[in-house]
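In each ligand, atom 1 is the first atom listed, and ligand 1 is the first ligand listed.
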Amino acid sequence: MTEDNSNRRLTRRNALRIAGAAGAASLAGCGGSDGGDGSSGDGSDGSGGDGTDGSSGDGSDGSTDSGTQYNTLEVAHWWGEGDGLEAIQSVMDAFKEQHPDIPFDENLIAGGAGENLQANIRTRVQNGNHPSTWQAWPGNNLLPFTDANLLKDIGDSVWSENSMEDAYLQGVKDAAQPAGNYVTVPLNIHRINNLFYNVEVVEDAGVDPTSLETPSDVVDALQTVDEAGYTGMAHQTGSPWSSFQMFATVLLGETDAETYSAIFVDGEVEANSDALESAVETTQSYLDYIPSDAGSISWTEANNQVINGEAAFLHQGDWAAGTYLTNDLTYGEEWDHVAFPGTEGYYALNMDSFPYPVNNPSPEATTLWCQFAGTTEAQEIFNPKKGSIPPRTDVNTEPFNDFSQDQISDFQDSEAQPPSVAHGLAAPPSVLSSLESAISSLNSGNEPSNVVSQMASAYQ
Ligand code: BGC
């Protein structure tokens, strides 16, 4: 059969909802069904569902699906900046090998640490020609899409396959069901509370990162490194997300997971204003030691300064480790890592996933892709190269590199896994862009009390 996508366009009303949205966040609350099919198991938009005629490759065992002529599977992602390109392309190669008869279109929209792809998806959803699936942070981040009935329930077609439900960690399963049913497939778990460093630089400066116990200890270390003639903290401020995740990590390090959650998940900003002001101050102290061109470089360009020995430290998610690993830098000798001071015992997390949009241009092929993303095979290929760890518990991690194994054991030992606020997992989508504005003002040196007031109004 040939996949039919003639009626698989977004309904006009849902498209207009997206059109009206300045960002995905503002889709929240715009839901309500006009015949959308986000809750049904078969893409029941009247267009034939998801290959439910029995002749499709859905639910296949991964062998070549002869007899089916597939529509092009377009998979969009933003991993072009050296922090995942090799990892995702290896997964794509393995998928293509299993399904040589599926026309495959890799669509790389790099830049802005995901912002460019996210904007592109909004426009394409609005125009009714979005890709088959795309890289997306799960959890709250997808609520605007589920509220508008734009994502399909893939509980039966994907999550019941390959023992996914048994093998995935509970927190990850929750993030894959932002509205109570499965709509996406997480491929990895990233850690946010890392402090990476160039071993030679810190040794030359006489700083021992393992001795740092609190976020303020980092300020002293940055000063020492600066006096030795290096850039202290490789960082970008052109867009707020890097300072946002840094600030959230400092807050976690100065308080605890309960306070973090009370603030970002429950919005108890005013009750915690002292802690928040302190975290703003500490973060602003770090900004005294960032590159002079931090406002115009990307995080990967900042990270290059750690790689080439101009800068000592980097606070980033462990996708940064992916860049060291794929550059063949030796872990423990050329680069190393400690849990961000004050956050030991926590595994602050972010994930990447591939959602299944309701009006799918290649329903069967997309189901097969989503199923593959949920397999041990795909996760064994992707995670060691990406710097992330697998969300399935039954992946054989023995062949993983030392860094990945260290992160896996930290994860297993962790007492809490606070979700990243900067990636839209913790805070409700409706408040995210206002929090980002508060962080932009933190970056510009606004008074801590003003920054915290802005955060409080984000939740009102
Ligand atoms: C991605 C990284 C990316 C980061 C940006 C993560 O989800 O895996 O590659 O740099 O988001 O915040």
Side-chain angles (χ1 to χ4, degrees), residues 23-24 75-92 108-121 133-142 172 175-176 184-194 196 234-249 297-304 306-307 314-327 347-355 373 378-379 381-391 404 407 417-427 432-433 435-436 439:
V75 181
H77 70 92
W78 72 73
W79 288 308
E81 296 188 279
D83 72 328
L85 186 61
E86 206 179 309
I88 193 64
Q89 286 184 337
S90 305
V91 173
M92 289 175 170
L108 166 59
I109 300 181
E115 283 165 13
N116 294 349
L117 175 62
Q118 288 152 9
N120 175 280
I121 294 298
T133 184
W134 57 88
Q135 176 190 352
W137 299 318
N140 278 345
N141 190 56
L142 290 178
V172 187
T184 195
V185 179
L187 180 60
N188 62 346
I189 296 178
H190 270 305
R191 188 181 195 178
I192 307 292
N193 55 317
N194 312 284
F196 293 103
H235 193 61
Q236 71 82 27
T237 54
S239 118
W241 68 273
S242 295
S243 295
F244 196 177
Q245 59 183 11
M246 177 187 268
F247 161 77
T249 304
I297 58 175
S298 66
W299 84 266
T300 43
E301 288 168 316
N303 187 33
N304 285 342
V306 176
I307 290 176
L314 175 85
H315 168 262
Q316 268 297 343
D318 52 9
W319 42 86
T323 69
Y324 308 139
L325 293 163
T326 49
N327 273 297
Y347 209 95
L349 54 84
N350 182 36
M351 289 170 255
D352 296 291
S353 74
F354 286 92
Q379 295 182 16
I381 296 172
F382 185 77
N383 288 287
K385 290 192 166 77
K386 184 67 171 70
S388 46
I389 64 173
S404 299
Q407 293 288 75
Q417 304 85 33
S420 173
V421 60
H423 294 86
L425 271 68
L432 207 58
S433 60
L435 287 178
E436 279 166 359
I439 297 293

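Among protein heavy atoms, atom 11 (O) of ligand 1 sits closest to Trp137 NE1, 3.5 Å. Protein heavy atom in closest approach to atom 12 (O) of ligand 1: His423 NE2, 2.7 Å. Protein heavy atom at the shortest distance from atom 6 (C) of ligand 1 is Asn350 ND2, 3.5 Å. For atom 8 (O) of ligand 1, the closest non-hydrogen atom on the protein side is Asp352 OD2, 2.6 Å. The nearest heavy-atom contact from the protein to atom 2 (C) of ligand 1 is Asp83 OD2, 3.3 Å.
Neither side chain, Thr323 nor Asp83, offers a donor N or O lying under 3.5 Å from an acceptor on the other.
Residue-ligand proximity, Trp78 to ligand 1, at heavy-atom distances under 4.0 Å covers atoms 3 (C), 11 (O). Near Ala113, meaning under 4.0 Å from one of its heavy atoms, ligand 1 places the atoms 5 (C). Within the listing of ligand 1, atoms 1 (C), 2 (C), 8 (O), 9 (O) sit less than 4.0 angstrom from a heavy atom of Trp79. Interface of His190 with ligand 1, defined as ligand atoms under 4.0 Å from a residue heavy atom, comprises 8 (O).
Taking each heavy atom of Ala76 and Leu117 in turn, the nearest pair found is CB-CD1, 3.8 Å.
Taking the six-membered ring wherever Trp is involved, the centroid distance between the rings of His235 and Trp241 does not fall below 6.0 Å. The ring of Trp79 has its center closer than 6.0 angstrom to the ring center of Phe382.
If you run side chain to side chain contact (heavy atoms under 4.5 Å, CB included) between Val172 and each of Ser353, Pro138, Pro186, Pro390, only Pro186 comes through.
Formation of a donor-acceptor pair under 3.5 Å by the Ser243 side chain with backbone atoms of Pro240 is not found in this model. In this structure, Asn120 contributes its side chain and Asn116 its backbone to no donor-acceptor pair below 3.5 Å.
By the 4.0 Å heavy-atom criterion, Lys386 is counted among the residues contacting ligand 1.
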